[in-house]
Amino acid sequence: MTTRHVLAGLDGSPQSETAALWAAAEAQRLGAALRLLHVWPWLNGENADRAEPGDFRPAALDALARVADRIRLAHPELSVETAVRPDDPVDGLVAEARGQEMLVLGSRGLGGFAGLLVGSVSLAVAARATVPTVLVRGAGPLPRASTAAVGDVVVGIDSGEPSEAVLEFAFAEAERRGAGLRAVHGWDPAPAWAFGGMMPPPVDIPGQEGTKAALLSQHLTRQLANYPGVAVVEDVRLGSGAKAVLDASAGAELVVIGRRERRHHIGMLLGPVAHAVLHHSTAPVAVVPHP
């Protein structure tokens, strides 16, 4: 039987090491193995040029071994593997992640743009990966699988086109962590047009909010039956979906958002809500692809 892994991408940064430690705790919760991977074009002499001379494979393997040893010390029962791949970082990570439990990456996004917490490689991988991809913030202490959850798992829901795959992932994460689940839906009243231009719509806001809340409850029915032990808070907020999720994510254990899979790589592959949450949430964010 083929072993499924939690795959963690390492690039030598403190952020990626924190992500690997997060991935180790997640692999233990899942009962999966952990695979630490470094992807870079110049990992052998054939691809070296004057700007990047020499074989970088030994240095990459040494760096992976150091992180692996730290993880084995904290999780002696966890199976930890290391690997390097000479490839474009985005293409290599996407390819290696296929068929695995999930992919975990660091943020690497604090250079030059205040408030934007995601680097270009992490963003590109999250837009293309075929498995749930978790982006972990900052460089912090080693997480432990036995540590009690400190906050809810927050999942953003589009009440018009909810995804069972996204909900299933969020409920399962909440159950494994012993955390509550906060299901968040943000909505804006449709604008109205008058003789003088656009104006606020003359609608019954409380009434529409009640309708949105009823739809949210309906969408959660199947997973509530599958995960009766998960305490769920249904949270409908007036405002954009991105703002609703970000406001709810303060102190969250994990934020879960969906990404619709597309057959081509032309244009934006992440929707506006996913973009905003990935760039501004300080909690780990899981991007779950769905049809």
Side-chain angles (χ1 to χ4, degrees), residues 107 109 114-118 122-123 126-127 132-137 149-175 177 179-192 198 200-224 227 230-260 268-290:
S107 54
L116 299 186
L117 303 182
V118 182
S122 297
L123 198 65
T133 301
V134 181
L135 273 61
V136 179
R137 309 307 187 201
V150 296
D152 290 340
V153 171
V154 172
V155 58
I157 298 177
D158 180 352
S159 67
E161 295 182 295
S163 165
E164 287 295 332
V166 175
L167 289 174
E168 162 71 21
F169 181 90
F171 270 86
E173 282 292 324
E175 182 180 67
R177 295 163 180 274
L181 180 71
R182 180 172 292 271
V184 180
H185 173 65
W187 67 284
D188 282 316
M198 192 173 70
V203 296
D204 176 12
I205 297 295
Q208 283 205 13
E209 190 167 63
T211 300
K212 296 288 185 182
L215 276 173
L216 179 59
S217 294
Q218 180 182 333
H219 295 322
L220 294 172
T221 301
R222 179 183 300 180
Q223 300 304 332
L224 284 168
Y227 295 91
V230 175
V232 178
V233 174
E234 300 175 18
D235 190 345
V236 175
R237 302 183 180 215
L238 185 62
S240 71
K243 185 178 186 304
V245 173
L246 286 168
D247 286 349
S249 70
E253 181 83 355
L254 178 68
V255 177
V256 181
I257 53 177
R259 172 183 64 79
R260 189 170 297 281
M268 183 186 292
L269 297 177
L270 290 169
V273 173
H275 252 281
V277 173
L278 284 169
H279 276 307
H280 297 288
S281 172
T282 56
V285 178
V287 182
V288 181
H290 63 90

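Computed from a predicted structure; not experimentally measured. Along the sequence shown, residues are numbered consecutively beginning with 1.
Taking CG of L167 as the reference point, atom CG of L224 lies at 9.5 Å (rounded to 0.5 Å). With values rounded to the nearest 0.5 angstrom, L215 atom CG is found 11.5 Å from W187 atom CH2. Rounded to the nearest 0.5 Å, atoms CZ (R177) and CG (D152) are 12.0 Å apart.
Checking V245, I157, V184 one by one against D235, the side-chain contact (heavy atoms from CB on, under 4.5 Å) holds for a single residue, V184.
Side-chain contact check for L220 versus F171: some heavy-atom pair is nearer than 4.5 Å. Looking at heavy atoms from C-beta onward, Y227 lies in side-chain contact with E168 at the 4.5 angstrom threshold. Using a 4.5 Å heavy-atom threshold, the side chains of V277 and V255 count as touching. In this structure the side chain of V256 reaches within 4.5 angstrom of the side chain of V288, judged on heavy atoms. In this structure, E173 and L181 have side chains that are not in contact, with every pair of non-hydrogen atoms separated by 4.5 Å or more. The shortest distance between side-chain heavy atoms of R137 and V285 falls below 4.5 Å. Residues V236 and E234 fail the side-chain proximity criterion, which asks for heavy atoms closer than 4.5 Å. Annotation: side chain of V155 is not in contact with side chain of R182 (no heavy-atom distance under 4.5 Å).
Here the closest non-hydrogen pair linking A183 and L216 is O-CD2, 3.8 Å. Counting all heavy atoms, side chain and backbone alike, A274 lies closest to G258 at CB-O, 4.4 Å. Nearest approach of A286 to V134, heavy atoms of both residues: CB-CG2, 3.8 Å. Minimum heavy-atom separation, E253 to G151: CB-O, 3.5 Å. Closest of all the heavy-atom pairs between L246 and H280 is CD2-C, 3.9 Å.
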(request) Evaluate the criterion side chain to side chain contact (heavy atoms under 4.5 Å, CB included) for residue pair L123 and L270; output intermediate values, then yes/no. (result) CA-CA 9 Å; L123 198 65; L270 290 169; 3.8 Å; yes
(request) Check the pair V232 / Q223 against side chain to side chain contact (heavy atoms under 4.5 Å, CB included), numbers first and verdict last. (result) CA-CA 10 Å; V232 178; Q223 300 304 332; over 6 Å; no
(message) For a side chain to side chain contact (heavy atoms under 4.5 Å, CB included) check, start with the C-alpha distance between K212 and H185, then their side-chain angles and the critical distance, and finish with the verdict.
(response) CA-CA 8 Å; K212 296 288 185 182; H185 173 65; 3.8 Å; yes
(request) Please report the C-alpha distance between V273 and D158 in whole Å, then the side-chain angles of each, then the deciding distance to 0.1 Å, and finally whether the side chain to side chain contact (heavy atoms under 4.5 Å, CB included) criterion is met. (result) CA-CA 10 Å; V273 173; D158 180 352; over 6 Å; no
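Within the 3.5 Å criterion, the main-chain N or O of L278 finds no donor-acceptor partner in the side chain of S281. Distance alone, capped at 3.5 Å, places no donor-acceptor pair between the S249 side chain and the A252 backbone. In terms of modelled atom types and a separation under 3.5 Å, the side chain of R259 and the main chain of A126 share a donor-acceptor contact.
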